[in-house]
Amino acid sequence: SKKVSVAILAQVASAHLFPQPNAMQNEEGKVVDLYLPRKCSATNRLIQAKEHAAVQINVAQVDEQGRFTGETFTFAMSGYMRQQGEADLAFNRLFFEKGLLTFSK
């Protein structure tokens, strides 16, 4: 009885001192992460959560009349690329690869 109460007390103390985070679930009951790290679109490096120099740009797809079609392209750029002055060139390359920018006259 004494060993059982010590074991229960240890379990309660462990649960109180080291609580497990509640798993976030969507409507289908699937477990989804609370934080999804972003990757730089130009370098594929992870963008840390505390990096405040990073930017994310959502480019909307439009039809011939200029109306939003509901489709977007998301690009993330790390602060490192922006500091090096390479972000503009990298965005131009990424937009060209997606067909959003042409260099023809």
Side-chain angles (χ1 to χ4, degrees):
S1 145
K2 192 172 189 179
K3 288 183 180 180
V4 172
S5 62
V6 171
I8 292 173
L9 182 60
Q11 288 176 350
V12 170
S14 174
H16 179 68
L17 294 175
F18 306 106
Q20 296 295 321
N22 293 334
M24 186 177 226
Q25 295 181 351
N26 61 10
E27 289 138 9
E28 289 89 35
K30 292 182 180 178
V31 177
V32 294
D33 289 330
L34 297 175
Y35 171 70
L36 294 173
R38 295 181 296 164
K39 289 178 85 174
C40 177
S41 298
T43 62
N44 286 332
R45 298 167 97 180
L46 282 178
I47 298 174
Q48 297 180 3
K50 298 287 183 172
E51 184 176 342
H52 297 291
V55 294
Q56 179 171 319
I57 296 177
N58 296 323
V59 180
Q61 185 72 19
V62 295
D63 61 9
E64 293 80 22
Q65 288 80 31
R67 287 179 286 195
F68 178 57
T69 62
E71 184 181 0
T72 60
F73 297 102
T74 303
F75 301 98
M77 190 65 58
S78 66
Y80 171 77
M81 290 294 288
R82 296 181 68 216
Q83 279 182 329
Q84 299 300 314
E86 299 290 329
D88 185 51
L89 180 65
F91 274 128
N92 284 342
R93 178 181 58 84
L94 292 167
F95 294 160
F96 179 74
E97 289 173 359
K98 290 285 186 181
L100 301 171
L101 180 68
T102 61
F103 295 109
S104 62
K105 293 184 180 184

Open item on the list: So, taking the atom named CG in Asn92 and the one named CD in Glu86, what distance separates them when rounded to the nearest 0.5 Å?
Closed with: 11.5 Å

Open item on the list: Using modelled atom types and a 3.5 Å cut-off, is there a donor and acceptor pairing between side-chain atoms of Ser78 and backbone atoms of Cys40?
Closed with: no

Task: Side chain proximity check, Gln56 to Asn58, heavy atoms < 4.5 angstrom - done: yes

Task: Lys30 NZ to Glu27 CD distance, which is reported to the nearest 0.5 Å - done: 12.0 Å

- [ ] Please report the shortest heavy-atom distance between Ser41 and Thr74, naming the atom on each side.
- [x] OG-O, 4.4 Å

- [ ] Under the side chain to side chain donor-acceptor pair (under 3.5 Å) rule, collect the residues that match up with Thr102, sequence neighbours excluded.
- [x] none

- [ ] Linking directly or through intermediates, with side-chain heavy atoms under 4.5 Å: list the remaining ILVMFWY members grouped with Ile57, chain and number order.
- [x] Val55, Val59, Phe73, Phe75, Met77, Tyr80, Met81, Phe91, Leu94, Phe95, Phe96, Leu100, Leu101, Phe103

Task: Which atom of Leu46 lies closest to which atom of Pro37, heavy atoms considered - done: CD2-CB, 4.1 Å

Open item on the list: Would you say CD of Gln65 has more than 12 non-hydrogen atoms from neighbouring residues, nucleotides or ligands within 6.0 angstrom?
Closed with: yes

